[in-house]
Each structure stands twice: as structure tokens, then as C-alpha cells.
Protein chains: 2
Amino acid sequence: MPVNIRDIAKAAGVSVATVSKALNGYSTVNAATRAKIQRIAEEMQYHPNSAARSLVGQRSMTIGVFLTTGLANPFFAGVLGGIDRALKDRGYDLIYLAQAHAEEPGYSLMRHCRSRNVEGLLVFGMQENDMDFSELIGSGLPVVFIDMEMEGEHVGMISSDNAEAIRAEVQHLAGLNHRRIAFISGIAGTYPGRMRERGFLQGMAEQGLDRRPEYMIPGDYSRESGYEGMRRLLSLPERPTAVICCSDASAVGALEAALEQGLSVPDDLSIVGFDDVEAARSVRPALTTVRQDMQGIGYQAVGLLDDLIRGEELAEKRIILPTEWVERDSCGPAKESR
Amino acid sequence: MPVNIRDIAKAAGVSVATVSKALNGYSTVNAATRAKIQRIAEEMQYHPNSAARSLVGQRSMTIGVFLTTGLANPFFAGVLGGIDRALKDRGYDLIYLAQAHAEEPGYSLMRHCRSRNVEGLLVFGMQENDMDFSELIGSGLPVVFIDMEMEGEHVGMISSDNAEAIRAEVQHLAGLNHRRIAFISGIAGTYPGRMRERGFLQGMAEQGLDRRPEYMIPGDYSRESGYEGMRRLLSLPERPTAVICCSDASAVGALEAALEQGLSVPDDLSIVGFDDVEAARSVRPALTTVRQDMQGIGYQAVGLLDDLIRGEELAEKRIILPTEWVERDSCGPAKESR
DNA sequence: TTGAAAGCGCTAACAG
DNA sequence: CTGTTAGCGCTTTCAA
């Protein structure tokens with residue numbers, strides 16, 4: 001039903017080869033012929049069959065995404081938005097490789113990509129170790145990992161500057177005279193989790209502040225972990241005056257626990273979050289936090305992948321994006337208190 | 001590089017035709033031969049090239065998604081989660097047709113699908129009228145619309161029972177002795193927006209309650225519209241005792257406006273939202289709202305599309321899913337007040 | 001029960 | 001500058 005290259009060759013009175021060349025911008029085609037072919041192709045609503053194209057070894061203009069945590073994770077919405085824009089700019093379509101498949105016994109992500117003629121793959125999610133990416137990395141298929149630390153010949157990675165973001169938070173709090181700063185961590189098995197912890201330790205060291213083991217609370221980004229973490233902190237003989245949380249969700253949980261105990265935020269206690277999700281604005285007091293450029297991450301991930309696909313000489317296959325401090329109402333100067 | 005059907009034919013000492021038949025479950029293949037071929041295919045990690053398959057007119061096992069509002073909309077995360085699961089169950093992969101392309105002058109979504117050998121298309125977003133879907137609907141390509149009212153030969157649609165959800169809210173509030181109930185609407189140009197308004201009017205009529213024009217506030221699901229809407233309501237000589245909002249975001253905005261005016265929720269005023277997003281839980285008082293089964297919508301949308309693709313005889317090509325009442329803290333009995 | 005061969009729509013040599 | 005032709009990997013008649 002759809003028109004093919006032969007139809008338009010016939011209509012234009014030329015051969016299919018000429019049509020192909022004309023439409024693909026070869027210079028060896030007479031300008032008039034090309035114009036005519038283009039006009040006819042336009043009129044007949046010609047659109048090349050991408051399967052045929054990939055079959056002849058041409059580019060498929062398809063990149064894959066694989067999400068280790070599934071599509072349902074709302075965190076990815078922003079990243080996907082950035083990917084969307086980049087797709088247009090670079091002319092790709094995106095095929096989503098259902099993670100569900102991955103549970104089958106003989107499944108190979110790499111083979112799945114090959115069989116779909118995917119030119120490159122974007123991987124993101126949170127689980128670095130729950131899956132074996134070595135086959136993929138060794139396969140030569142260009143891959144860009146988001147928020148995962150991976151290396152290889154045709155492998156790139158992109159992430160926010162998590163460490164610096166937290167380091168700056170510590171610095172900021174120290175500037176408000178906070179000395180007893182606690183930390184509710186992210187998931188230790190993730191790259192961002194590790195980096196944020198590193199940034200905290202570095203910041204504390206720089207400011208000459210004690211790093212007390214009882215102020216280092218393991219979290220998992222969830223609201224619940226923030227709530228429980230804050231309760232533990234508040235039960236300590238010497239309470240912190242400020243708490244850095246590794247996500248807005250856990251910060252909201254922490255806030256809740258603090259308010260429940262009758263504390264005033266930020267007067268008695270400062271709290272800071274991470275991500276700047278919608279809830280950070282709606283909670284009271286509104287959360288001071290750090291914004292990740294999620295759109296930018298998605299956009300640049302596709303750009304990097306495209307560069308890898310096209311075999312560009314890349315000086316740096318790691319992209320670390322700056323974050324932005326978002327001052328709201330949950331931080332204030334330390335009270336000389338207890 | 002990847003192994004193809006010829007490689008395994010050679011290894012098995014048979015022809016490619018036999019391999020193809022064996023692997024595709026034709027009964028005209030000797031059992032022993034089939035077993036051998038399957039074993040070898042397994043060993044050699046054979047995976048058929050999907051481009052070649054679609055080229056010969058076989059199924060591509062690919063369905064497309066087209067989002068009129070782009071990937072960034074967090075509302076879709078849940079729906080996509082359901083789609084994800086269904087994809088596995090039905091064996092499809094999903095290609096995302098970048099909406100960005102749609103802005104180009106000669107763009108045709110239908111052609112895009114054809115050129116990508118997509119077997120069926122899922123469409124969702126909010127704009128029913130900003131785009132012309134008639135070409136698509138007339139093309140014979142199976143399409144399932146989510147939250148959009150569309151009809152056609154190979155067209156299905158799925159949505160929550162928006163009208164009933166709001167009607168039940170009115171009933172519930174009336175049961176709490178509320179008589180002056182206001183409504184902050186969704187976007188009138190959308191199917192859910194229309195249905196929710198219809199449900200409101202129906203509920204009010206059923207309960208024998210006045211429908212006052214000044215209590216019908218146009219909104220757009222945003223927090224801001226909720227905030228502004230509530231301010232208008234509170235400036236009225238006779239204030240409502242309950243406000244139904246068409247989204248949780250607008251309910252949060254409304255809540256904010258009410259608290260700012262020194263009102264107590266739910267003592268002075270009841271507020272109810274829609275969707276049950278994360279923020280509904282974190283706000284104080286926690287929002288009483290209605291939950292849509294977003295996963296279910298996505299899951300069933302794919303199921304419906306698959307049925308359409310396979311040409312199943314479908315009695316009903318419209319699926320309307322029930323919603324769930326989520327009781328929290330923002331609704332209470334009406335005070336005989338003011 | 002198996003194999004030879006045609007052909008899906010397209011691009012890429014290679015001739016003309 | 002244009003056309004002829006082979007072939008990408010696969011499925012599918014049609015013969016054997």
C-alpha cells in the first residue's frame with residue numbers, strides 16, 4: 001500500500017538507483033532530475049521503509065533505551081523529556097527494550113539490540129550490580145550509561161556532579177554556623193549514592209567539622225527512610241542542627257518527623273534535600289534543595305551516544321553536569337542550642 | 001557479525017528454508033531435525049533480524065507510542081509502567097515516535113508508522129483537537145487512544161471512569177452534609193475534563209443541590225489554577241464548604257490558598273483532589289482523593305491494541321476502568337457556618 | 001520431509 | 001550523470 005522507491009522511479013521516469021541517490025543527497029545527480037524526484041516523492045508522500053534500509057546495512061536511525069528500574073519510575077520523566085528533544089535534533093527514533101524481557105533465562109540485551117538493529121543504547125536506572133553489562137560493553141555497540149559508572153571502548157556515561165552538590169551544601173550550612181551536620185544517605189550501591197556520600201565527607205573535612213558515625217544514617221531515597229532516619233537523629237543525646245538528605249522524598253519524610261517532635265524548621269533544625277521535585281515546593285516549609293538538570297542529562301546523553309555512534313573522536317566520554325542550589329525555606333542559621 | 005539463518009543452516013547441514021520452518025513452528029518439519037536446529041540455534045545464540053522479518057511482510061512485533069504532550073509529563077509514568085508489563089506478556093517492543101518530528105511541515109504520523117513497520121499505535125496526551133488524527137484513523141492502522149474520545153474501524157479507547165469518580169465525590173460530600181460544593185475544573189478540551197465536569201453536574205443534580213455558576217471555576221490541572229480558583233471562591237459573599245478539584249496539583253494549590261486565608265482544612269472547608277500522586281500524601285492535611293489505576297490503563301491499552309492487531313472480534317472497543325476512593329484528611333463534615 | 005529460488009524495499013558498486 | 005544488478009536476512013511458494 002505505501003509507495004515505494006519503484007513507484008516514484010516510474011513516476012519520474014528514472015531508475016530506482018537515481019531516486020535513491022537523489023533522495024539521499026548524492027552530488028552525482030543532475031540538479032533538475034533531483035528537483036523533479038524530490039517533488040514527486042513529496043507529492044506521492046513517499047517515506048522510505050526503515051526495515052529495508054537497515055537491512056542493506058544502512059543506518060537504522062534507531063537508538064534503544066533500557067531502564068533497569070522500569071518505566072514507572074517518575075524520576076525519569078525529566079530525563080526522558082530531554083531525550084525527546086535530542087531525538088528530534090539528531091533524527092533518531094527510540095525503541096524501548098522492555099525490561100520485562102530481561103528476566104527470561106537466555107536473554108541477552110546485546111542480542112536484543114542487534115536483532116532490532118539498534119545503533120546505540122542508553123541505559124539507566126539504579127542497579128549497577130544487579131545486572132551484568134559486560135557482554136554489552138564488550139560488544140562494541142555504543143552505550144551511554146546515565147548515573148552509572150561504566151567504562152569501555154564505545155561506552156560513555158553522564159551524571160550530575162553529585163559530590164560537588166553535597167559538598168556545597170555542607171559549605172553553605174557551615175556558613176550558617178552549623179557544626180553538627182547529619183547525613184541521610186542514598187543507596188550505597190549506586191553511583192550517585194556513593195558520590196553524594198563522598199561529597200559530604202569531603203565537605204565536612206574542608207570545613208574542619210567532626211564526622212560523627214551516629215550522624216551518618218543509611219537511607220534509600222524513600223520518604224520512609226527519611227522519616228526513620230530523622231527519628232534516630234532526634235533520639236540522639238546530642239542532636240544535629242542540620243540534616244542533609246539525599247533526595248527530596250527523604251527530606252520530606254525527615255521534615256515530617258521533625259515537625260512531629262514539635263521542632264520548628266528551620267529555626268530549630270535545617271533540612272536540605274536533593275533533586276527539586278514538585279513536592280519540594282508544596283511542602284511547608286518549602287524545601288531548600290539542589291536541582292539536577294534532568295532534561296540536560298537526557299539531552300546530552302543522546303548527544304554523546306550519537307557522537308559515539310558516528311565514531312567521533314571524543315576527548316572525554318564522561319559528562320558531569322553542574323547542579324543548581326535552590327534556596328527556599330528549610331534552612332536557616334544555627335541556633336546555639338540543644 | 002551476528003549469526004544469521006544461513007550460519008545455522010550450514011551448521012545443521014540443512015537448508016535455510018528448513019531452519020526457518022523449524023524455528024517458526026511449522027509442523028512439516030521432522031521432529032529430530034527440528035530439535036537439532038533448535039539446539040544449534042540456541043548454542044550459536046541466534047536471534048532473527050527483525051528488519052528482515054518485517055521486510056518480508058511478516059510481523060514486526062513493534063508497536064508505537066505517540067505522546068501528544070511529550071515524554072516529560074510525569075503523569076504518564078504510571079501508565080508507561082503498565083505498558084511495560086503488557087509488552088512482555090504480549091511479546092512486543094515499543095517504539096517511541098518522537099513528537100518533536102510532528103512539528104515538521106509535511107509530517108504524517110501515519111506515514112511515520114508505516115515507514116517504521118509499526119503494527120499498531122498507542123496515542124495519549126491531552127490535546128484532542130490540536131492535532132488531526134483523521135488520516136491515522138482512516139488508515140486502517142490499529143490505534144488505541146488513552147484518555148481521548150475517538151472512534152473508528154480499527155480504533156479503541158481506554159480511560160478511567162472519570163464521571164463516576166466525581167459523581168461519587170459529590171455523593172460523599174453530600175453525605176457529610178455539604179450543600180455548597182464548588183468545582184475547580186480540568187481542561188475543557190480534554191475528554192477527562194469533560195467527563196469530570198459531567199460527573200459533577202450529575203452528582204449535584206442527584207443530590208438535589210444547587211449548581212451555582214460562581215462555584216464552577218475553570219482550571220487546567222495546575223497548582224496555580226487551583227490556587228487562583230480557591231482565592232476566587234473565598235472572595236465570594238457565600239463561600240462553599242467543600243471544593244472538588246480535578247487534579248491533586250490543583251487541590252494542593254487550593255489548599256495552600258485556603259490555609260493562607262487562615263482557614264482550617266477540613267474543619268472550615270473540605271477539599272478533594274484527583275489522581276493520587278505522591279504529593280497528595282505529603283501535603284498537610286493529606287489529601288482525600290481518587291486514584292486512577294494508571295498501571296491498569298497502560299496494561300489494558302496494550303492488550304486492546306494487540307486484540308485489534310490480531311483482528312479479534314471485539315464486542316467493545318472502549319474500556320472504562322473504575323477508580324478508587326482514597327480517604328485521607330482533607331474532608332470532613334460540613335460546619336453549619338458562615 | 002526437505003530444498004531451490006523468488007522477492008520484500010532499499011543502497012552500493014560498477015558500467016555505460 | 002544515469003541505469004543495471006547484486007544482495008542485506010528472512011519467509012514462502014513450488015518442486016522434488
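Letters go in sequence order (proteins before strands), and every chain restarts at 1.
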Quiz item: Which of residues 25-51 of chain A sit near DNA chain D, with a heavy atom under 4.0 Å from it?
Solution: Thr28(A), Val29(A), Asn30(A), Thr33(A)
Quiz prompt | Intermediate values then yes/no, side-chain contact (heavy atoms from CB on, under 4.5 Å), Phe145(B) and Phe133(B) | solution = CA-CA 11 Å; Phe145(B) 290 91; Phe133(B) 291 107; 4.0 Å; yes
Output one line per pair: protein atom, nucleotide atom from nucleotides 3-7 of chain D, and distance, for all N/O pairs under 3.5 Å.
from	atom 1	to	atom 2	distance (Å)
dG3(D)	OP2	Ser15(A)	N	2.9
dG3(D)	OP2	Ser15(A)	OG	3.4
dG3(D)	OP2	Thr18(A)	OG1	2.8
dG3(D)	O6	Lys21(A)	NZ	2.6

SB check [X] [Y] (cutoff 4.0 Å):
{"X": "Arg85(B)", "Y": "Asp89(B)", "value": "no"}
{"X": "Glu149(A)", "Y": "Arg194(A)", "value": "yes"}
{"X": "Arg310(B)", "Y": "Asp306(B)", "value": "yes"}

Are [X] and [Y] linked by a side-chain donor-acceptor pair shorter than 3.5 Å?
{"X": "Asn117(B)", "Y": "Asn49(A)", "value": "yes"}
{"X": "Thr62(A)", "Y": "Glu119(A)", "value": "no"}
{"X": "Tyr46(A)", "Y": "Asp7(A)", "value": "no"}

Quiz prompt | Inter-axis angle, terminal five-pair segments of the helix from dT1(C)-dA16(D) to dG16(C)-dC1(D) [nearest 10°] | solution = 40°
Quiz prompt | Pairwise distance CE(Met195(B)) to CG(Asn162(B)) - rounded to 0.5 angstrom | solution = 8.0 Å
Tell me: [atom1] of [X] to [atom2] of [N], nearest whole Å?
{"X": "Arg114(A)", "N": "dG9(D)", "atom1": "CZ", "atom2": "C1'", "value": "16 Å"}
{"X": "Leu55(B)", "N": "dC10(D)", "atom1": "CG", "atom2": "C1'", "value": "8 Å"}
{"X": "Lys10(B)", "N": "dT2(C)", "atom1": "NZ", "atom2": "P", "value": "20 Å"}
{"X": "Arg59(B)", "N": "dT12(D)", "atom1": "CZ", "atom2": "P", "value": "13 Å"}
{"X": "Arg116(B)", "N": "dC10(C)", "atom1": "CZ", "atom2": "P", "value": "14 Å"}
{"X": "Asp7(A)", "N": "dG9(C)", "atom1": "CG", "atom2": "C1'", "value": "10 Å"}
{"X": "Asn117(B)", "N": "dG9(C)", "atom1": "CG", "atom2": "P", "value": "10 Å"}
{"X": "Leu23(A)", "N": "dG9(C)", "atom1": "CG", "atom2": "P", "value": "16 Å"}

Quiz item: Counting only N and O atoms by type, is there a donor-acceptor contact under 3.5 Å from the side chain of Arg34(A) to the main-chain atoms of Val19(A)?
Solution: no
Self-check item: Side-chain donor/acceptor of Asn24(A) to backbone N/O of Ser20(A), under 3.5 Å
Solution: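 Yes, Asn24(A) side chain to Ser20(A) backbone: donor-acceptor pair under 3.5 Å.
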Side-chain N or O of [X] versus OP1/OP2 of [N]: is the shortest distance under 4.0 Å?
{"X": "Arg53(B)", "N": "dT11(D)", "answer": "yes"}
{"X": "Asn24(B)", "N": "dT11(D)", "answer": "yes"}
{"X": "Arg6(B)", "N": "dC10(D)", "answer": "no"}

Quiz item: Quick one: which of dC8(D), dC10(C), dT12(D) gets closest to the side chain of Ala52(A)?
Solution: dC10(C)
Exercise. Could you point out which residue of Leu87(A), Leu121(A), Ile95(A), Asp93(A) forms a side-chain contact (heavy atoms from CB on, under 4.5 Å) with Ile63(A)?
Key: Leu87(A)
Quiz item: Parallel, tilted or perpendicular for His112(B) and Tyr107(B), by the 30°/60° rule?
Solution: perpendicular
